[in-house]
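Everything on this sheet refers to the single structure shown next.
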Number of protein chains: 2
Amino acid sequence: MESIISDDSRTLADRVFTRLQDDIVRGALLPGTKLGEAELASRYGVSRGPLREAIRRLESRKLLERIPHVGTRVASLSLGDLIEIYHIREALEGMAARLAATHMTDAEIRSLIELLALHEQQQDLREDVAYFQREGDLDFHYRIIQGSHNGTLIDMLIGGIYHMVRMYRYQFSTVANRPQRALQEHRRIAEALESRDAEMAEILMRRHISRARQNIEAQHGLGDAAVTPAASLSSTDRLSPETKQGPGPVEQSK
Amino acid sequence: MESIISDDSRTLADRVFTRLQDDIVRGALLPGTKLGEAELASRYGVSRGPLREAIRRLESRKLLERIPHVGTRVASLSLGDLIEIYHIREALEGMAARLAATHMTDAEIRSLIELLALHEQQQDLREDVAYFQREGDLDFHYRIIQGSHNGTLIDMLIGGIYHMVRMYRYQFSTVANRPQRALQEHRRIAEALESRDAEMAEILMRRHISRARQNIEAQHGLGDAAVTPAASLSSTDRLSPETKQGPGPVEQSK
DNA sequence: GGATCGCTTATTGTCGACAATCTTGCCGGG
DNA sequence: CCCGGCAAGATTGTCGACAATAAGCGATCC
């Protein structure tokens with residue numbers, strides 16, 4: 001948790017890939033921002049060659065949107081995209097919970113339950129800090145995903161989906177608005193895992209994520225239409241990628 | 001279905017990406033093959049710049065394995081990898097079927113049923129041609145995936161998972177060994193979709209894929225241990241990428 | 001005789017420059 | 001006054017060359 005900055009990857013392309021991904025996911029680069037190659041290259045201190053390789057990889061991960069001969073911009077998730085992602089999470093994490101019920105080690109389950117107890121404590125103490133709740137929620141889900149012991153599934157979820165979820169969170173400043181309810185659901189999922197009930201674990205996880213999705217739908221269905229507040233697809237904001245390291249809405253990292 | 005060869009993408013990098021992906025997926029480049037950049041570049045008639053961008057993208061899609069400063073080789077799926085992928089397919093395509101039951105248009109469902117009838121006819125006529133059966137199986141699944149109308153899910157399945165499934169098929173020369181059974185299951189899935197029964201469609205699709213996985217597990221569990229027949233990870237076969245356009249075991253393309 | 005160290009060679013990683021394409025502002029015509 | 005075409009500028013796409021790293025090979029020492 002200390003050597004986050006100095007990513008001593010073997011190649012420059014890998015390093016700039018990691019740094020750019022971090023900047024996108026943690027919201028330092030706002031969705032919709034136009035990314036000029038020359039400027040990015042100079043900012044990260046590399047040539048355009050490695051930079052373009054990093055861009056192509058981020059493009060594969062749906063974190064960047066590129067139009068040939070035009071340019072690259074930070075992917076801007078619509079509400080519809082988020083709903084789609086939650087359907088995928090429901091299916092994938094449901095399966096992860098099912099597999100975890102069988103494949104998790106006793107130590108992993110014990111550790112998960114301890115983490116859950118910690119969250120319940122924090123829940124009692126600080127009701128205001130939504131940030132830690134959300135972060136704790138992610139931790140819980142991460143552990144179950146890892147517990148599936150399915151490498152492909154883990155990579156797809158951790159390396160793909162969750163980056164988008166995090167990015168969306170910063171984009172819309174999502175706050176957990178049903179913390180005790182979610183915590184209760186976590187508790188029941190953990191119990192199912194503890195009793196090695198694969199069927200139950202999957203059902204509970206699916207309901208957990210499905211409810212979160214319905215919550216989002218309801219919230220944005222009657223609240224407002226605050227879709228894509230960062231930047232639309234107009235071409236007038238060409239020279240506005242100056243949101244790089246600036247003090248974003250939430251700058252504190254993990 | 002005619003202009004498959006001339007991919008008139010806007011950039012060379014995109015074109016070489018498509019061509020390389022095709023060569024990998026259709027088995028022209030065998031898993032484990034070492035890919036030298038210089039040779040690949042000259043083969044596709046491009047410089048190493050665009051080629052490397054294509055390689056990074058294929059690497060993101062798990063079709064290539066790269067080691068910094070060492071080289072790139074065609075990804076070699078183990079049996080364990082395939083099992084993992086089938087678990088993911090079960091979850092994802094189950095959800096696709098669920099969504100398709102709600103979101104498919106009447107025309108799409110009608111077309112799907114016609115396709116199914118065609119497959120049942122072919123089934124009666126030619127029992128030997130396993131190739132067409134497999135291809136038909138994929139067609140059926142493709143349509144339901146598209147029917148989900150979930151763009152992210154479609155891209156994840158069609159653009160990601162299915163390339164690996166196809167690649168594996170060429171690698172192990174998989175033959176459908178339960179064609180009438182599978183066709184029956186397709187029929188019941190189609191019926192569930194026709195009656196707009198989302199719950200049933202998901203259950204049936206999951207059972208369909210789960211059975212296929214169990215079939216693979218049983219087949220390879222008692223059959224033999226023909227794992228990774230192409231090339232191991234030894235470093236002695238450095239200069240053997242000459243399996244490019246050679247007559248592979250199955251050369252006929254769609 | 002075998003193993004290890006060092007050198008040669010080949011391959012990958014990176015860079016700067018040139019070419020192709022798009023954007024944009026301006027000018028003229030309707 | 002508005003619309004379309006045209007030229008200048010900027011940005012992306014592509015290339016060839018150089019630098020850095022790893023693999024292969026031979027010589028030398030134990």
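By convention in this document, chain letters (A, B, ...) are assigned in the order of the sequence lines, proteins followed by strands, and residues within each chain are numbered from 1.
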Taking the side chain of [X] as heavy atoms from C-beta outward, which of [options] is closest to it?
X	options	answer
B:His69	D:dT21, C:dT14, D:dT12	D:dT21
A:Ser47	C:dG13, C:dG16, D:dC15	C:dG16
B:Val70	D:dG13, D:dA22, C:dT14	D:dA22

Would you kindly give the [atom1]-to-[atom2] distance between [X] and [N], to the nearest whole Å?
X	N	atom1	atom2	answer
B:Arg56	D:dG13	CZ	P	17 Å
B:Leu35	C:dT11	CG	P	13 Å
A:Arg15	C:dG13	CZ	P	13 Å
A:Glu37	C:dT23	CD	P	15 Å
A:Leu40	D:dG13	CG	P	13 Å
A:Asp14	D:dT21	CG	C1'	15 Å
A:Leu51	C:dG13	CG	C1'	15 Å
B:Glu53	C:dT12	CD	C1'	16 Å

Base, sugar-phosphate, or nothing: which does B:Arg66 touch, judged by heavy atoms less than 4.0 Å apart?
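Contact class for B:Arg66: sugar-phosphate only.
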If you look at every strand shown and take non-hydrogen atoms under 4.0 Å, does B:Arg10 touch a base, only sugar-phosphate, or nothing?
sugar-phosphate
Verify, without hydrogens or angle tests, whether [X] (side chain) and [Y] (backbone) share a donor-acceptor contact under 3.5 angstrom.
X	Y	value
A:Glu53	B:Arg52	no
A:Arg73	A:Gly32	yes
B:Glu93	B:Glu90	no

Is it true that the side chains of B:Ser60 and A:Arg61 contain a donor and an acceptor less than 3.5 Å apart?
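Absent: no donor and acceptor within the cut-off.
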With a 4.0 Å cutoff (strictly under), does any side-chain N or O of [X] reach OP1 or OP2 of [N]?
X	N	answer
B:Lys34	C:dT12	yes
B:Arg48	D:dG16	no
B:Arg52	C:dG13	yes

Closest-nucleotide ordering on DNA chain D, the 5'-leading residue of B:Pro68 and A:Ile67
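This one resolves to A:Ile67.
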State plainly whether the residues A:Asp23 and A:Arg43 are in salt-bridge range, i.e. N to O under 4.0 Å.
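A salt bridge is absent here (no side-chain N lies under 4.0 Å from a carboxylate O).
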